[in-house]
Each structure stands twice: as structure tokens, then as C-alpha cells.
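The structure under discussion appears below in the form of C-alpha cells.
All values below were derived from every heavy atom in this structure, side-chain atoms included, with hydrogens, water molecules and symmetry-related copies excluded. The chains referred to below are lettered A, B, ... by the order of the sequence lines, with proteins before strands, and numbering in each begins at 1.
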Amino acid sequence: MALDKKEIISYIYERLMKSLGSQGWWPGDTQLEIIIGAILTQNTAWTNVSKAIDNLKKEKMLNVKDLKKIHIKKLASLIRSAGYYNIKAKRLKNFINFLIRNYQGGLKEMFNQDYLKLRPQLLQINGIGEETADSILLYAGCKPIFVVDAYTKRIFSRLGLIAENSNYDEIQSLFMDNLEKDVKLFNEYHALLVNLGKNICKVRPVCKICPLRDIINGKCKKI
DNA sequence: GACCAGGCACATC
DNA sequence: GATGTGCATGGT
């Protein structure tokens, strides 16, 4: 008997979790650090982002007040390793300015509202798109929003569960409509997909190392 | 040395 | 609305 979509989505999660275990996301000690990481990791390997965050830590810059004060050129130099450093310095500043203007610099105040109202506000900030906004909501704010990224799209279109040209909302709905709205579940599921994508599904356009369909029937040896 | 990475905004058609 | 391009470092 064939599994329906809901069962497949849950089954993939169960298998990934069983094979790879809890991912312990997001790597970061504070809400602000997570938000900064979410902006810096845009189209960038985490290893490069990690160095940038270490630099900010060393300079004791991981707070709203100092990020407001720091000159943008200096900020850019500190995050150099994360790539696109000029643009990302601007994006960090944009977020900090938004936070100060609307919430007196308080993340607690920002998150202390209906997250469905916060999401469009975040999307208004230049440099924060859907994935970054949702990462902020889920990983920094602990709100039940599913994060969609390039790996999610690649993996699930290869599985034939979404069309290759699906947009962000469509993919997000696949998960949000078929899973319990559970922060821990959304947290782990996205992180597991990134792990799977990074380590196993690099080969394009077809994954030759690990046929993804085998995830579903449990035959996959790699995970 | 080519290719890729946990995107996004903007220009152009 | 769809498609193309700039942004940039560091690992494989």
C-alpha cells in the first residue's frame, strides 16, 4: 500500500532522525548570534560564517549597542571571511536599525508578538528574504515556522514530492500542512535536510551516491 | 583552477 | 512574471 504525502513526510523525518540523530541547531549561544548567523550564512558555507562570528565575539560586538555604533567598514572587515562582506555588513546594520527603531533594540519585545505579524516586518528589511526571516523566527524566536532552503527544494523535488519550479510558499506548505506545528520538529527536520544535502546529495543533477527514493523504503545504506 | 556554499536585491525584458 | 547578474570568501 502506498504511503500518502503526510506519511511520507513523517517517515522521511523518522528515518533521518534515526540515522543522523539530533542536530543541535542553531549553532549559536544567543538570539542575536543566531540572527547574525542567519544573515551571514546566506549562500555561504557555515565554516566561513563561523570565523566571522568568532571575530565579532573577540571584538565583543555581539550586542545591539555596539553593532549600532560600529562603523560599517570596520564591521565589513570583521565579517570578511563570510564573503559578500560589504553587502552583509549593510544587512546586519539594516536589522539592527529595524530592531532599535521598532523595538527599542529589544529582541524579547520583537519576539513577544504574533509571529505571523512579525514575519512580514522582517521581510520588509532589505537583505532579509523568506529563508532568513523564517530562520530567525524558528531558530532565534522558537516560533513554529518551517525553513525552506536550497537543499529542501533539491531533495524533495528529486523525490518527486514537489515540482522542480515550486516556489518558497508551496514548499513550505508541504511541510506546514503535513506536520504538527512543533518547534522542535521543524528545528530538527530542517537541520537534518541540510546535513543530508551537504554530506550525501552533492552530486548534481542526479544523486549517484545515495538514491533518495531509498530513504522512503529504508534501503538506503548511507543514512 | 573550476566549482560550490544553509540568499537576496535589482536590472532588464 | 520570468530570467540574468552582482555580491566574495574559503574548502574540495
N/O contacts under 3.5 Å, protein versus nucleotides 1-4 of chain C?
none

Can you check nucleotides 10-13 of chain B for protein contacts, nitrogen or oxygen pairs under 3.5 Å, and list what you find?
from: B:dC10; atom 1: OP1; to: A:Asn126; atom 2: ND2; distance (Å): 3.2

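Atom pair A:Gln124:CD and B:dC8:C1' shows a separation of 15 Å (rounding to whole Å applied). Remark: C1' of B:dC8 and OH of A:Tyr168 are 13 Å apart, rounded to the nearest angstrom. One atom, OH of A:Tyr84, and another, P of C:dT5, lie 15 Å apart when rounded to the nearest Å. One interatomic measurement links the two molecules: CG of A:Leu122 to P of B:dA9, which rounds to 12 Å at whole-angstrom precision. Rounded to an integer number of Å, the gap from A:Asn86 CG to C:dG6 P is 16 Å. Between A:Glu130 atom CD and B:dC8 atom P the separation is 8 Å, expressed in whole Å. Remark: C1' of B:dA5 and CZ of A:Arg154 are 9 Å apart, rounded to the nearest angstrom. Regarding A:Asn94, its CG atom lies at a distance of 15 Å from the C1' atom of B:dG7, rounded to whole Å.
Comparing the P positions of B:dC8 and C:dG10 gives a spacing of 22 Å, expressed to the nearest Å.
Across B:dA5, B:dG7, C:dG11, the shortest atom-to-atom separation from the side chain of A:Thr47 is found for C:dG11. Considering only side-chain atoms of A:Arg80, the nucleotide from C:dA8, C:dG10, B:dC8 that sits closest is C:dG10. Closest to the side chain of A:Lys51, from the set C:dA8, C:dG10, B:dA9, is C:dG10. Comparing C:dA8, B:dA9, C:dG10 by their closest approach to the side chain of A:Asn48 singles out C:dG10.
A:Ile36 places none of its side-chain heavy atoms less than 4.5 Å from the side chain of A:Ile79. Contact of the A:Lys57 side chain with the A:Asp29 side chain is registered, since non-hydrogen atoms from C-beta on lie closer than 4.5 Å. Counting only heavy atoms from C-beta outward, the side chains of A:Val147 and A:Leu137 never approach each other to under 4.5 Å. Put simply, the side chain of A:Phe156 reaches to within 4.5 Å of the side chain of A:Leu193, judged on heavy atoms.
Among pairs with a residue in residues 123-135 of chain A, those fulfilling side-chain hydrogen bond (donor to acceptor under 3.5 Å, both in side chains) read A:Gln42-A:Thr132, A:Arg119-A:Asp134, A:Asp134-A:Tyr168, A:Asp134-A:Gln172, at least two apart in sequence or across chains. Within the structure, side-chain hydrogen bond (donor to acceptor under 3.5 Å, both in side chains) pairs that include any residue of residues 103-112 of chain A comprise A:Tyr103-A:Gln113, A:Tyr103-A:Gln121 (at least two apart or interchain).
For A:Asn94, there are no side chain to side chain donor-acceptor pair (under 3.5 Å) partners, not counting sequence neighbours. For the ring pair (Phe, Tyr, Trp, His ring centres under 6.0 Å) test, residues two or more places apart in sequence or in another chain that qualify with A:Trp25 are A:Tyr139, A:His190.
The heavy-atom pair separating A:Leu107 from A:Ile35 by the smallest distance is CD2-CD1, 3.6 Å.
At the heavy-atom level, A:Ile125 lies under 4.0 Å from the strands shown only through sugar-phosphate atoms. Note on A:Leu193: nothing from the nucleic acid sits closer than 4.0 angstrom, heavy atoms only. Note on A:Ala150: only backbone sugar-phosphate atoms sit closer than 4.0 angstrom, heavy atoms only; bases stay farther off.
Heavy-atom neighbours of A:Lys5 NZ from other residues, nucleotides or ligands within 6.0 Å: at or below the threshold of 12.
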